[in-house]
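Below: the structure, in structure tokens.
Throughout, residue positions are numbered sequentially from 1 according to the sequence presented.
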Amino acid sequence: MKLSELLNNVKTLSIAGDEGVEIAGVEIDSRQVKPGYLFVAMRGTQVDGHRFIPKAVEQGAAAIVCEDLPEEKAQGVTYVQVESAEEAVGPVATRFHGDPTARLKLVGVTGTNGKTTIATLLYNMFRQFGHKCGLLSTVCNYIDGEAIAATHTTPDAIELNKLLGRMADEGCEYVFMECSSHAIAQRRIGGLRFAGGLFTNLTRDHLDYHKTFENYRDAKKLFFDTLPKDAFAITNLDDKNGLFMVQNTKATVKTYSTRQMADFRARIIECHFEGMYLDIDGHEVGVQFIGKFNVSNLLCVYAAAIMLGKQPEDILVIMSTLKSVNGRLDPIRSPEGYTAIIDYAHTPDALENVLGAIHEVLDGKGRVITVCGAGGNRDKGKRPLMAQEAVRQSDRVIITSDNPRFEEPQDIINDMLAGLDQKQMKKVVSIADRREAIRTACMMAEKGDVILIAGKGHEDYQEVKGVKHHFDDHEVVRECFANQ
């Protein structure tokens, strides 16, 4: 494809060289550049891609898109200066990969919690309806039934369009995608056409990157601001930011709620650890999920399926067969008569929701023992809040290591403990070794109790000093049960 065609929807400041040069590929990683490629020099949070322009040229780049033109330009290379490489890369990648979202229906899910569950349930539901589908999520990406490992909640614009291109080429009709605040702010989803956007909820997260809650909120809102007129936007009225998200959207707005009048409504009829009976828009349905937050998630799934043209009765029949996503409220029964629940909860709000769901089912008939930590090199402000929430809704709490990354585990634990007073500390022990912390919780538990192991969910590793070591909470729990 000619460079001039790739630049159709890009605001350029200047072009030095031949606009008619043929482009064989597009990359933002100079190491992946091959002869005839276009290299886009991105200013990342850690590294400035402009530093690697010489490397890209050395690898055979035919053209460079950048914000600052290099003083020395290589002969035979076309240099395109743009105001924002972040804004340019999405439309360029979309164009190069044949505008894949024009050939399928893409639905994006954004919010703090529930994105993975909603996107995955929609993917599973629409496959049961008989459609070929794609999934882009934190846990794993799928092209119909083919699993492709996920490294980010939302891939970079180049990888994203490659995946979407493959999905379209292989006949996928629908793609369900998590849209992280990072991806929206960094324009990774620029150039994509969304058929619909879903908002779950908004609580404190990723302030290490966004700096303020307002910046984080506005990044989410930007997704809805850019939805086209022929799309739909479904928002959660039970979240105070629900209407704020859609106040400037051109899309058709629909609302859902478990507490007030809305376009789509649901309530719990009955709840057990095995699942719940719900009333959704006047229809009763049994589901294999627990917790009020999962009622919201399922209601959002229902609303999206309706907006995509499915009939209520057909949706509910399939919904009754769906199972929870790996690492989201996963129960493992102990031979001793207690239950361990593994969940990805890694924010104060997510902990509140999961512990609330456990108490709804326990109804005072057993104790709750919580094992939790906080990730290193991330928002430090949420650490004491997480400890407070764990203590508030638990009988015993073990503070442990999560993914310490480049921090010392004990320093993170100390930050969490700093949020507790003397009375609260009586419920708490700290054990830096996560395996030992889980083992200790299992030793504490008695028949009828519930152990919540929070923070890692589906992850099968611990990241320490830049190295990922195999560690799976599910495996550790089963080892503990086998040794009892």
Side-chain angles (χ1 to χ4, degrees), residues 93-94 97 100-184 188-189 191-200 223 231-232 234 287-289 294 297-310 315 318-319 321-330 344 457-460:
T94 295
H97 289 285
T101 51
R103 296 182 279 150
L104 44 78
K105 287 191 174 180
L106 176 64
V107 176
V109 190
T110 197
T112 305
N113 302 312
K115 296 188 298 296
T116 301
T117 294
I118 290 168
T120 305
L121 293 182
L122 280 166
Y123 164 79
N124 289 332
M125 175 179 283
F126 274 71
R127 289 191 77 210
Q128 285 200 47
F129 273 123
H131 300 288
K132 280 194 168 185
C133 297
L135 175 67
L136 293 157
S137 85
T138 305
V139 177
C140 191
N141 300 320
Y142 284 90
I143 300 177
D144 206 30
E146 180 190 351
I148 297 165
T151 54
H152 295 81
T153 299
T154 312
D156 66 65
I158 307 292
E159 188 58 34
L160 183 53
N161 278 280
K162 277 183 191 172
L163 281 168
L164 288 167
R166 278 191 60 196
M167 289 172 183
D169 290 345
E170 294 184 26
C172 290
E173 297 172 70
Y174 298 90
V175 175
F176 302 100
M177 170 183 173
E178 292 184 52
C179 297
S180 69
S181 56
H182 293 73
I184 299 165
R188 286 186 229 158
I189 59 174
L192 302 183
R193 300 184 197 186
F194 285 88
L198 316 178
F199 173 69
T200 62
F223 171 62
F232 59 82
I234 298 174
V287 297
Q288 300 174 57
F289 297 81
N294 268 326
N297 290 339
L298 290 166
L299 186 55
C300 186
V301 168
Y302 174 85
I306 292 282
M307 295 304 291
L308 290 168
K310 299 305 179 185
I315 296 167
I318 293 176
M319 188 177 283
T321 70
L322 297 175
K323 299 184 187 303
S324 64
V325 176
N326 179 31
R328 270 64 174 178
L329 272 173
D330 276 355
Y344 189 52
H458 63 280
E459 292 178 351
D460 59 1

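- Side-chain contact, Ser324 with Gln288: no donor N or O sits under 3.5 Å from an acceptor N or O.
- A search for salt bridge (charged side-chain N to carboxylate O under 4.0 Å, His left out) contacts involving Lys105 returns nothing, not counting sequence neighbours.
- Here Arg166 pairs with Glu146, Glu170 under the salt bridge (charged side-chain N to carboxylate O under 4.0 Å, His left out) rule; sequence neighbours left out.
- When side chains are defined from C-beta on, Met177 does not count as touching Val107, because their heavy atoms never get closer than 4.5 Å.
- Between Ile189 and Phe223 the shortest heavy-atom distance is CD1-CD1, 3.8 Å.
- Contact between Ala231 and Gly196 at its shortest, heavy atoms only, is CB-N, 4.3 Å.
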Between Leu298 and Val287, is the side-chain contact (heavy atoms from CB on, under 4.5 Å) condition met? List the steps.
CA-CA 9 Å; Leu298 290 166; Val287 297; 3.8 Å; yes
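- Of all heavy-atom pairs between Ala168 and Pro100, the closest is CB-O, 4.0 Å.
- Thr110 places a side-chain N or O within 3.5 Å of a backbone atom of Cys179 that can act as its donor or acceptor partner.
- The only member of Val175, Ile148, Ile143, Val109 that meets side-chain contact (heavy atoms from CB on, under 4.5 Å) when paired with Leu136 is Val175.
- Distance check, rounded to the nearest 0.5 Å: OG of Ser137 to CD1 of Ile118 gives 12.5 Å.
- Asp144 is linked by a salt bridge (charged side-chain N to carboxylate O under 4.0 Å, His left out) to Arg127, counting only residues two or more places apart in sequence or in another chain.
- Separation of atoms CG (Leu308) and CD (Glu173) is listed at 11.0 Å; rounding is to 0.5 Å.
- Rounded to the nearest 0.5 angstrom, Phe289 CZ and Leu329 CG are separated by 10.0 Å.
- The shortest heavy-atom contact between Glu178 and Thr116 is OE2-OG1, 2.7 Å.
- In this structure, Phe176 has its ring center under 6.0 Å from that of Phe126.
- Within a 6.0 Å radius of CZ in Arg103, other residues, nucleotides and ligands contribute more than 12 heavy atoms.
- For the pair Lys115 (side chain) and Gly111 (backbone), a donor-acceptor distance under 3.5 Å is present.
- The nearest pair of heavy atoms linking Ala157 to Ala93 is O-CB, 3.7 Å.
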As a quick check of understanding, evaluate side-chain contact (heavy atoms from CB on, under 4.5 Å) for Lys132 and Tyr174, giving each step before the final call.
CA-CA 7 Å; Lys132 280 194 168 185; Tyr174 298 90; over 6 Å; no
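- Looking only at distances, no side-chain donor or acceptor of Thr120 sits under 3.5 Å from a matching main-chain atom of Thr117.
- Note: Leu135 CG to Leu122 CG = 9.5 Å, rounded to the nearest 0.5 Å.
- Looking at heavy atoms from C-beta onward, Ile158 lies out of side-chain contact with Asn161 at the 4.5 angstrom threshold.
- Between Leu192 and Leu164 the shortest side-chain heavy-atom distance falls below 4.5 Å.
- Taken from SG in Cys300 to CG in Asn294, the straight-line distance is 12.0 Å, to the nearest 0.5 Å.
- The salt bridge (charged side-chain N to carboxylate O under 4.0 Å, His left out) search around Glu459 returns Lys456, not counting sequence neighbours.
- Evaluation of the side-chain contact (heavy atoms from CB on, under 4.5 Å) rule for Asn326 yields Asp330, His458, His474 as partners, not counting sequence neighbours.
- Contact check for Arg193 versus Leu106: no side-chain heavy atoms found under the 4.5 Å cut-off.
- Each ring-ring contact (aromatic ring centres under 6.0 Å, His included) pair with one or both residues in residues 104-124, not counting sequence neighbours, appears once here: Tyr123-Tyr142.
- Taking CZ of Arg328 as the reference point, atom CG of Leu121 lies at 11.0 Å (rounded to 0.5 Å).
- Annotation: side chain of Ile318 is in contact with side chain of Thr321 (closest heavy-atom distance under 4.5 Å).
- Across all their heavy atoms, Ile315 and Ala305 have their closest contact at CD1-CB, 3.5 Å.
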